[in-house]
Amino acid sequence: MKLKYHVPRGTIDYLPAYFEKWKAIEKIWRKLTHVYGFKEIQTPMFEHTELFIRSAGETSDIVSKELYTFEDRGGRSLSLRPEGTSPVVRAYLENSMNNLPQPVKLFYLMPMFRYERPQAGRLRQHTQYGVETIGSASCFTDAEVIHLAMSFYKELGFDGLKIQLNSLGDKETREKYKINLINYFNKYLGDFDEEYKLKLQKNPLRILDTKEENLKPIVENAPKITDFLSVRSRNHFETLQNYLNDYQIEFSLNTRLVRGLDYYNDTVFEVTSNKLGAQDAIAGGGRYDGLIEQFGGKSTPAFGFGAGMERLIFAMEKHSLNIQESSNVEVYLVAAESVAKQRTMDVLFELRKERISSDLDPFFEDKVGKQLSKAAKLGAKFAIIIGSEELLNDTLTLKNLESETQEKISLPEIIARLKRK
RNA sequence: GUGAUUGUAGCUCAGUUGGUUAGAGCGCUAGAUUGUGAUUCUAGAGGUCGCGGGUUCGAGCCCCGUCCUUCACCCCA
């Protein structure tokens, strides 16, 4: 059959088999965020474009080339949200959450949209799960969020994930560092192509995480931002490392780790896997103490991380981790003869009234074998067979499809037994 | 946005130097089996070979364009 339509580039259909994994993961995510004291928030899928430009930075790729922007009928410029932090911060301010006990700890699970070329582990619509702790400058907050992320991955069964940690210091640190870095790179301008020369002007920090082989030695010997940290920033960074050590969270320092969003300061981190190809980051986040003030609120420190659900599922496949929550129907009813049709329907709705997952073949095909085969294919654990024999004795035949044993028992007994599980 | 790569049945793929009616396995449907799932056997459905144009007596195969897939860059989850 020739289909007229298919999903837009970079999007996927979330099919039942995928959702079996998704739901099992989401369950653990919800459990852990609750255990760590976070509450759920969701924001609209689109916001005023201005919000993203202001927060992520005009020169950031997310804003300059990846935004899905449209004008609504009222002439407003709106954009599908490319990331979660700025909408959550907007919601925090708009709903006066600064009047709640601080810090306010929020988690989310919501779709994001970025106009990018799709690639392994990268989509145009993807779903991010993440947390934001707003209102705490405490190093404990950094540690607790990283701790949450790692417990999550541990519970999912991951082994061999790496945490990369760095500190970007405060604004003054970065200004000072930038000047130093530019001076350093200027000595190697001959090795830079046009693209990198432009980058050097716009955002020299980005050169640090280059994949260009011939630039790597130069980057290797570049000044390190951690050597420029203020006393306060250095204390914060060292205390965090101590906390992580205290709680046996392994990490490696990576002074070349810079993140793509302009609002970060001090702590930044990424969780990476070596089995994902070029897109190796499973989660990323950091501290953004200046963003709330930038949005018109009182100066308020904050820390958070975000991570991609689809990439997580992709990573779990690569790590051979299997997790799923069956969505198969539990009981399949088989009407063995047409005289039993009415009774079969009655039993079905009795079972459903008792909230036992059950179904039947709406075509009421005569062949028992065909109906049983359908039951098996649908993954039902039990079949209940009803024919003239059962009608006479007022019993039902309960067949365990796994052990292939069957017995004749009454409906109340079946209900009692299935509900006990 | 840049570079490369892919497209034949629901899925995985074959298809000769361009040649007549495009195949296989799996899956699906039906029957063998009128109250029992597997296996087996038999039969069947399912393709304008991504789309558009060109070359040719003739195109799944060659050429151009386009879309999609995949991978990498940029960047990111």
Side-chain angles (χ1 to χ4, degrees), chain A residues 1-12 56-57 59-66 82-85 109-130 149 193-196 198-199 202-203 206-207 209-213 257-261 270-273 276-285 305-315 332 334-340 363 365-380 382-391 397-406 408:
Chain A
M1 192 168 34
K2 191 84 222 151
L3 294 179
K4 272 185 170 162
Y5 305 108
H6 39 83
V7 290
R9 187 163 203 205
T11 64
I12 56 169
T59 59
S60 71
D61 277 45
I62 283 188
V63 165
S64 61
K65 61 178 207 190
E66 295 175 3
E83 57 103 22
T85 301
L109 178 71
M110 44 192 198
M112 307 292 164
F113 307 84
R114 292 178 198 171
Y115 190 83
E116 298 183 274
R117 285 286 268 278
Q119 175 178 335
R122 173 192 284 169
L123 299 163
R124 287 186 172 177
Q125 175 183 339
H126 75 284
T127 311
Q128 280 195 21
Y129 56 94
D193 59 17
E194 286 313 308
E195 195 188 327
Y196 273 84
L198 199 70
K199 217 184 240 193
K202 273 177 147 180
N203 198 339
R206 293 269 175 76
I207 296 174
D209 56 4
T210 183
K211 288 176 187 169
E212 202 80 52
E213 279 309 320
L257 176 70
V258 292
R259 300 204 30 89
L261 302 162
E270 257 178 32
V271 183
T272 57
S273 156
L276 298 187
Q279 265 54 54
D280 62 348
I282 283 185
F305 88 94
M309 196 68 169
E310 294 82 357
R311 189 177 287 181
L312 174 64
I313 291 173
F314 178 65
Y332 202 78
V334 174
E337 296 152 78
S338 46
V339 285
F363 310 122
E365 301 184 72
D366 283 339
K367 294 213 162 58
V368 172
K370 200 182 282 183
Q371 294 182 59
L372 279 175
S373 146
K374 216 174 252 191
K377 272 177 201 158
L378 290 171
F382 298 96
I384 292 176
I385 302 166
I386 308 172
S388 48
E389 218 176 288
E390 285 81 1
L391 290 180
T397 297
L398 177 69
K399 174 161 187 168
N400 185 322
L401 291 167
E402 280 156 17
S403 64
E404 299 190 36
T405 57
Q406 66 183 49
K408 289 195 169 163

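Side chains are part of it too, since the values below use all heavy atoms of this structure and drop only hydrogens, waters and symmetry mates.
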Pairwise 5' ranking along RNA chain B for V258(A) and G277(A), keeping only the more 5' one =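 Between the two, 5'-proximity favours G277(A).
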If each of R259(A) and S403(A) is mapped to the nucleotide of RNA chain B with the nearest heavy atom, which maps nearer the 5' terminus, i.e. the 5' end?
->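 The 5'-side residue here is S403(A).
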Looking only at side-chain N and O atoms, does [X] come under 4.0 Å of OP1 or OP2 in [N]?
X       : N      : value
Q119(A) : A72(B) : yes
Y115(A) : C75(B) : no
R9(A)   : U69(B) : yes
Q371(A) : G37(B) : no

Between [N] and [M], how many Å separate the two [atom1] atoms, rounded to a whole number?
N      : M      : atom1 : value
C51(B) : G47(B) : C1'   : 15 Å
G10(B) : G46(B) : P     : 11 Å
C49(B) : C62(B) : C1'   : 16 Å
G23(B) : G44(B) : P     : 14 Å
C13(B) : U17(B) : P     : 22 Å
A45(B) : U29(B) : C1'   : 7 Å
U56(B) : C61(B) : C1'   : 13 Å
A72(B) : C11(B) : P     : 24 Å

What is the per-nucleotide protein-contact pattern of nucleotides 29-36 of chain B, from the 5' end, where B denotes a base atom under 4.0 Å from a protein heavy atom, S denotes such proximity for sugar-phosphate atoms only, and - denotes neither?
-> SSS--SBB
Counting C-beta onward and ignoring hydrogens, is there a side-chain heavy-atom pair between [X] and [Y] closer than 4.5 Å?
X       : Y       : answer
Q406(A) : N400(A) : no
D280(A) : S273(A) : no
Y196(A) : T210(A) : yes
I384(A) : T397(A) : no

With a 4.0 Å cut-off on heavy atoms, is N400(A) in touch with a base, just the backbone sugar-phosphate, or nothing at all?
->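 It contacts base atoms.
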Report which part of the nucleic acid E83(A) touches: base, sugar-phosphate, or nothing (heavy-atom distance under 4.0 Å, all strands).
->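 Touches nothing.
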Give the nucleotide from the list [options] with an atom nearest to the side chain of [X].
X       : options                : answer
Q279(A) : A77(B), C71(B), C75(B) : C75(B)
H6(A)   : A77(B), G37(B), C68(B) : C68(B)
R117(A) : A77(B), C75(B), G3(B)  : G3(B)

Rounded to the nearest angstrom, tell me the gap between atom [atom1] in [X] and atom [atom2] in [N].
X       : N      : atom1 : atom2 : answer
E116(A) : U70(B) : CD    : P     : 14 Å
L123(A) : U69(B) : CG    : C1'   : 13 Å
L401(A) : G37(B) : CG    : P     : 11 Å

R311(A) side-chain N/O to I282(A) backbone N/O, donor-acceptor pair under 3.5 Å =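 Side chain of R311(A) to backbone of I282(A), a donor-acceptor pair under 3.5 Å: no, none is there.
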Using atom types as modelled and distance alone, determine if a side-chain donor or acceptor of E337(A) lies under 3.5 Å from a backbone N or O of S388(A).
->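 Yes.
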Using the six-membered ring of F113(A), assess whether NZ or CZ of R124(A) lies under 6.0 Å from its centre and within 45 degrees of the ring axis.
->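 Geometry flag: not set, cation outside 6.0 Å or 45°.
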Does a distance-only test, which skips hydrogens and angles, find a donor-acceptor pair under 3.5 Å between the side chain of K65(A) and the base of C75(B)?
->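 Absent.
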Give a yes or no on whether a donor-acceptor pair under 3.5 Å exists between the nucleobase atoms of C75(B), that is its base, and the side chain of R114(A).
->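 By the distance-only test, no, there is no pair.
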Do the side-chain N and O atoms of E83(A) and Q128(A) include a donor-acceptor pair separated by under 3.5 angstrom?
->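 Side chains of E83(A) and Q128(A): no pair found under 3.5 Å.
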Please give the nucleotide sitting opposite [N] as a Watson-Crick or G-U wobble pair, both distances under 3.5 Å, or none.
N      : answer
G3(B)  : C71(B)
C26(B) : G10(B)
U66(B) : G50(B)

How far apart are the closest heavy atoms of A283(A) and F305(A), and which atoms are they?
->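 Heavy atoms of A283(A) and F305(A) come nearest at CB-CD1, 3.9 Å.
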